[in-house]
Amino acid sequence: MTEVFLCTNGCVEGQLRTKFIERYLSAHAQDVHVAPAIGDADIVLFYACGLTSEKEGHSLSIIGDLKGRMQRDAELIVWGCLPKQNPQALTGIYDGPIIGPMDTDLFTSLPGANGISLEGIDHSAAENELATMAAPSIHGCNSIDLLTTALLLYKRGIDLFGSRRQGHSAIYYIPIATGCTGHCTYCSERPVFGNTVHSRPIEGIVSEFRSGLERGYKRFSLVATDLGSYGVDIGCRLPDLLEELIGIGPTGNCSILLNQIEPHHLQGIYDDMEPIFASGKIEMVMSPVQSGSNRILKLMGRHYTAEQWRALMLDIYRNYPRIRLNTQFMVGFPTETEDDFTATLDLLSPPLRLDEAHIFRFSPRPTVAASRLPDQVPDDVKEARAARLLSGFARNGI
């Protein structure tokens, strides 16, 4: 009997992949047991995140900790995004195979797995079924002053008890696609997933949605590298999938969170999304704007303007006021000036109100084209701008 211990410090996608493998080993591998403790394991499978330099550093720290706690003769296998994003970072601390998230053949060849297929394993899971070793972060900003903290707590109170309060029940995550068609110059995920979209068939997603409903879950988050590119490889689109999902169950019985729709895709499908927004079943739309400077957006390889993104968000805000609006910002992209950053701050101006904002500081990664641009922004400037942006968000809509 082979004992396998699984852990991850990845995003929700990474956590779902780890859960998928856990289910496979538990249900279909005859001579494998998923170990509850690392000290019992013959094999340790660690899903490592390498999205940013900070995430990479945390992954490397965890690898050192795992090696110190595992049995001396146990095997460590590091998989996930980091091995594909920056394999050189593993030099000296890991000499095993380089395995990305898509390299699932490894798991059918584990001792005791007997080559059984991965087909038929449920991809979805509730948040209380997932586990991560990811370092805690508040909106992606390390330095928060007391006033900003107080304002964020106030906004959280509005979310919990106001007229637009969000649900309290656990979220059920359903992965629908991996990969995207973009060529963003800051993206470190292209070596991991390529520029190919792998969409799951609508019927499989619908089946897992029904299963979640039967288990009593009411909030469903669709997970993809870019929800907006769903279906380009299988001849359908996101609105087609959503029409199927919102037709299941009575109104008010469930809500759907749209977790990552690139603005240019949202603009292209917006007319068909309006009836879906009007259904009352969409709880949240997250569309990552990244910057308010069109010059920076062009350098980033983004295919929209800041004005186009804001117009979409304002339309949802005004016409479908119960939908929560989230976005993602990146500060410190190479050549970003104070004027460029001010344009980003301006995106927070009324009447638009955002419910959530995640702030990233540009991280120069080995495979990222923007890392080779001149005029890299110093780390202290990035941190100061992240703090100012978070402060601006905290005041947004109050």
Side-chain angles (χ1 to χ4, degrees), residues 11 49-57 81-82 85-86 137-144 180-193 195 225-226 228 260-267 286-310 312-313 326-349 352 354 356-393 396:
C11 62
C49 177
L51 180 66
T52 65
S53 299
E54 185 177 21
K55 295 288 188 181
E56 176 184 289
C81 293
L82 176 58
Q85 289 164 326
N86 189 14
S137 171
I138 301 178
H139 300 275
C141 186
N142 296 326
S143 54
I144 306 177
C180 76
T181 57
H183 293 82
C184 299
T185 60
Y186 57 79
C187 181
S188 62
E189 294 189 339
R190 195 173 305 134
V192 180
F193 300 107
N195 282 108
T225 311
D226 170 24
Q260 181 94 355
I261 308 181
E262 292 295 343
H264 67 288
H265 283 306
L266 180 57
Q267 187 173 35
M286 189 281 195
S287 184
V289 64
Q290 305 299 1
S291 176
S293 164
N294 291 329
R295 184 185 73 83
I296 292 294
L297 288 175
K298 187 173 181 179
L299 286 175
M300 286 179 167
R302 309 289 280 175
H303 302 293
Y304 56 89
T305 65
E307 292 79 13
Q308 288 170 333
W309 172 86
R310 185 173 163 88
L312 290 170
M313 296 299 101
N326 295 5
T327 196
Q328 177 177 295
F329 295 108
M330 178 176 288
V331 298
F333 187 85
T335 79
E336 182 186 64
T337 65
E338 185 63 23
D339 286 344
D340 294 322
F341 176 68
T342 299
T344 300
L345 285 174
D346 289 344
L347 290 178
L348 296 170
S349 60
L352 181 62
L354 296 175
E356 195 73 38
H358 299 276
I359 301 168
F360 284 83
R361 296 171 296 284
F362 172 76
S363 185
R365 311 296 290 130
T367 57
V368 167
S371 298
R372 298 183 288 276
L373 288 174
D375 300 323
Q376 297 284 319
V377 178
D379 288 343
D380 60 335
V381 175
K382 294 177 190 177
E383 188 61 39
R385 287 177 179 170
R388 288 167 60 194
L389 187 56
L390 182 57
S391 178
F393 163 72
N396 172 248

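Side-chain atoms are counted along with the backbone in the values below, which use heavy atoms only and exclude waters and symmetry mates.
The OG1 atom of Thr181 sits 7.5 Å away from the CG atom of Asn195 when rounded to the nearest 0.5 Å. Atom-to-atom distance recorded for Tyr304:OH and Gln290:CD is 5.5 Å, nearest 0.5 angstrom. To the nearest 0.5 angstrom, Phe393 atom CZ is 7.0 Å from Asn396 atom CG. Considering SG of Cys187 and CZ of Arg365, their distance stands at 11.5 Å, rounded to 0.5 Å. Within the model, atoms NE2 of His183 and NE2 of His303 stand 7.5 Å from one another, a figure rounded to the nearest 0.5 Å. Atoms SG and CD, from Cys11 and Gln260 in turn, are 10.0 Å apart once rounded to the nearest 0.5 Å.
Nearest heavy-atom pair, Gly292 versus Ala343, reported as atom, atom and distance to 0.1 Å: O-CB, 3.4 Å. When all heavy atoms of Pro334 and Leu299 are compared, the pair lying nearest together is O-CD1, 4.4 Å. Scanning all heavy atoms of the two residues, the minimum distance from Asp226 to Gly228 falls at OD1-N, 2.9 Å. Considering every non-hydrogen atom in both Ser53 and Pro364, the closest pair reads OG-O, 3.9 Å.
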- Message: Could you walk me through whether Lys55 and Glu189 satisfy the salt bridge (Lys or Arg N to Asp or Glu O under 4.0 Å) test, starting with their C-alpha distance in whole Å, then the side-chain angles of each, then the deciding distance to 0.1 Å, before giving a yes or no?
- Response: CA-CA 13 Å; Lys55 295 288 188 181; Glu189 294 189 339; over 6 Å; no

- Please report the C-alpha distance between Arg310 and Leu352 in whole Å, then the side-chain angles of each, then the deciding distance to 0.1 Å, and finally whether the side-chain contact (heavy atoms from CB on, under 4.5 Å) criterion is met. CA-CA 8 Å; Arg310 185 173 163 88; Leu352 181 62; 3.7 Å; yes

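Side-chain contact between Phe362 and Val377 is absent, with no heavy-atom pair separated by less than 4.5 Å. Residues Leu266 and Met313 meet the side-chain proximity criterion, which asks for heavy atoms closer than 4.5 Å. Counting only heavy atoms from C-beta outward, the side chains of Leu347 and Phe329 approach each other to under 4.5 Å. Side-chain contact between Leu345 and Leu389: present, with at least one pair of heavy atoms (C-beta onward) separated by less than 4.5 Å. Within the 4.5 Å cutoff, the side chain of Met330 has no heavy atoms near those of the Ser291 side chain. You'll find the side chain of Pro263 reaches within 4.5 Å of the side chain of Arg302, heavy atoms only.
Checked by atom type and distance alone, the side chain of Asn294 pairs as donor or acceptor with a backbone atom of Ala306 at under 3.5 Å. The backbone N or O of Asp339 lies less than 3.5 Å from no partner atom in the side chain of Ser293, so there is not a single donor-acceptor pair. With hydrogens and angles ignored, the 3.5 Å screen pairs a side-chain donor or acceptor of Ser188 with a backbone N or O of Leu51. Between the side chain of Thr185 and the backbone N or O of Ala369 there is no donor-acceptor pair closer than 3.5 Å. For Ser391 (side chain) and Ala387 (main-chain N/O), no donor-acceptor pair under 3.5 Å exists by modelled atom type. Looking at Asn326, its side chain never comes within 3.5 Å of a backbone N or O of Ser287 through a donor-acceptor pair. Judged by distance alone, with hydrogens and angles left aside, the side-chain atoms of Gln376 form a donor-acceptor pair with the main-chain N or O of Ala370 at under 3.5 Å.
Ion pairing between Glu336 and Arg361 fails under the 4.0 Å rule for side-chain N and carboxylate O.
When each of Lys298, Arg295, Arg385 is tested with Asp340 by the rule salt bridge (Lys or Arg N to Asp or Glu O under 4.0 Å), just one qualifies, namely Arg295.
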